[in-house]
Amino acid sequence: MTEQIGKVKLDLSFYPGEDFYCDGTVEDEILDIVKNYPPEEYQKKIEEKRSWPVFYHLSPQRENIAAWLPMDKNTKVLEVGSGMGAVTGVLARKAGSVTCVDLSKKRSLINAYRNQEYDNVTIYVGNFNDIEPILPCDYDYVLLIGVFEYGQSYIPTETPFEDFLNINQKHVKKDGNLVIAIENKMGMKYWAGCAEDHLSRFFAGIEDYPDGGVVRTFTRNGLEKLMRKCGVADYHFYYPYPDYKFADTIYSDRRLPKVGELSKNLRNFDADRMLLFDEKNAFDMVIREGIFPMYSNSYLVMTGPAPDTVYTKFSNDRADIYAIRTDIVEQEKRRVVRKIPDSPAAAEHVENIAKFYKELKKRYEGSGLFINECHLIKDGKGLPEVQLEYLEGCTLEEMMDDCLDREDMNCFRSLFGAYLDKIRYRAQVPVSDYDLVFGNIIVDKEGRWNLIDYEWTFEECVDSNALAFRALYCYQMGDGKRKGLPVEEFLKELGISEEAAQEYRARERRFQKAVTGNRVSVSDMRVLLGRRAIPWQEFFSRLDRKKVEIFEDYGAGYSPEHSYHHFPSYLVDDHMRISVPVKEGVRGIRIDPAESSCIVRMESAVLNGMELPLSDPAYLAMNGWELTPKKAPHPVFFFHSNDPNINIRLDKVPEGGDGILEVEFEIEWLSEETASAVDANLKRRHWF
């Protein structure tokens, strides 16, 4: 049984007749989008909907994880767990044939509609175990993108991950590749305060999934153990950054990240996060220590021969006319940098790189600033690409960081002075690299200064002060010790007034808008989706505001003499759990939950294993309005007071009250305006 969606074949021969997992109504919303809007309008719909699932499933940046893989029209691909087709499109454009397998018909329909123009896509809907036996064993690529972690769901055996790996590996032809993209359960973002991607629980992977469940991610060591158990000897690790879902850079063991490169770390799109430390500084440390692979947020593991590409950077979160990709390719131990259009619309932009190489070389001849050699070539389809020399050395940015680390401002000023001398050279020549920032200059072992990237060159005279201002501005955005750089002093020395600085900032904003085409960047989607990143200092500050005060009654009533402040031992979504030691002779405990108006819902009060009956006023009393009926098991109270209190009497507790009193309640803090309105309404009802 098959359906035809455009040119895509939907095979329902193995479909059980119902979908066993679903994201709810948002899937209907996404289906409506792909039915009624072309892919080029997805970004607009993402920005309109402001929905994490819509963004996650439809963002074109999802394709980056597979877009760099070498494929042509002779390539045969199997995509297991293809879902809504986040990656299927790029496979269809590059490969000769794409076979998809997914359990959900709704998701497969979405995949089919968004890729209906391609006649090389077949989607099998149904259980993988039922479909797998009919699949051939000659695929060039078998892709498990965000799928391997669900191995226990696919394969109900005692060794599900080993079996899942073996089953998929057998469908790869000789010299083909099995590709697994998966989170690292020890990823830096999880240490720094992001909740685990699948369970939305802090530190779940780091704690090795203590609550169980079917999802399992792995460390690099864990994945290597699986490879060895399955007899896979030829495999290679790649490191998508910030993660595999929205990768903008893919590193490898042959080209690991360098200090200063990992600065895009606020990527909590699905949930709020804490900020426990500066991830850039932590990444820089593990890079220096040579242990970055242990803390990469994600892995891409490839079995079989490794491609020539050792590094890929996507610059496609831009307007189409500027969207390009930068590869470092290694052939016969020689490396070359390639810049290629990510879309045909960017062809002119790539050609301009070669054009301006010649003009910049003329301008800076004799300055001591050398322009990285560039050659323009055309691929088999006539699309341009430029090839640049791969240069080794230390970036000017790294050298300046070293000055700051050593607190050597004289060295920093000396480097900045040399930089100024070079950018001011022949300033009257009408050709300028607007992106002449410190990170784009490499100083090689001979001491030569090389401009390695000059993508944003224009036929105009750009004020050298504007270039210097932008270089300092971009540098200071890198956090760490750079934040303490006295930029104002440098601007004063350059003669840049506040008015000029404001104009330079405005120019930068205009430039960024032109580059992005006024679209919301991936980095900015976090803000658009309303996801918070809360520094730990703010967390404790908020916690301090939510501390409670405990009073003890030894028979003479409550008094400040027998009181102390207490922090909740558990606080999530305003749900508090308080453990109060009850000393000998204490006849009552009063808990003041706040210093402002609030609503409190009592959950439980337990002493020595005995649950106190909260519905009995002999055990529980409040100085607020009771909003629930009398004797409700979980009474709710409203307090219009700066001194609300919960009075728990222990006089009637059998065998005395010594021990630990554990109280749970939910609290909602109210503004004075809201509390006054509620209070007036309650009084009016009570009066009548």
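Nothing fancy with the numbering, it's 1 onward along the sequence.
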> Considering residues, nucleotides and ligands other than Y473, do more than 12 of their heavy atoms fall under 6.0 Å from its OH?
Replying inline: no

> Counting heavy atoms not belonging to Y37, are there more than 12 under 6.0 Å from its OH?
Replying inline: no

Ion pair [X]/[Y], N-O distance below 4.0 Å:
X: R505; Y: E508; result: no
X: E279; Y: K189; result: no
X: R577; Y: E603; result: no
X: K583; Y: E552; result: yes

> Do H198 and E149 get their side chains close enough for a donor-acceptor pair, meaning under 3.5 Å?
Replying inline: yes

> Is there a donor-acceptor contact under 3.5 Å linking the side chains of D553 and Y558?
Replying inline: no

> Taking C-beta and beyond as the side chain, do F148 and F218 meet within less than 4.5 Å on heavy atoms?
Replying inline: yes

> Are any non-hydrogen side-chain atoms of L620 and I648 less than 4.5 angstrom apart?
Replying inline: yes

>> Quick check with a 6.0 Å cut-off and a 45 degree axis cone: is R649 positioned over the face of Y619's six-membered ring?
In response: no

Centroid-centroid distance, [X] to [Y], less than 6.0 Å:
X: F292; Y: Y239; result: yes
X: F246; Y: F55; result: yes
X: Y56; Y: F269; result: no
X: F128; Y: F164; result: yes

> Step by step, would you call W191 with L276 a side-chain contact (heavy atoms from CB on, under 4.5 Å)?
Replying inline: CA-CA 8 Å; W191 294 99; L276 298 181; over 6 Å; no

> Under the ring-ring contact (aromatic ring centres under 6.0 Å, His included) criterion, do H562 and F551 qualify, and how do the steps go?
Replying inline: CA-CA 6 Å; H562 298 293; F551 290 82; over 10 Å; no

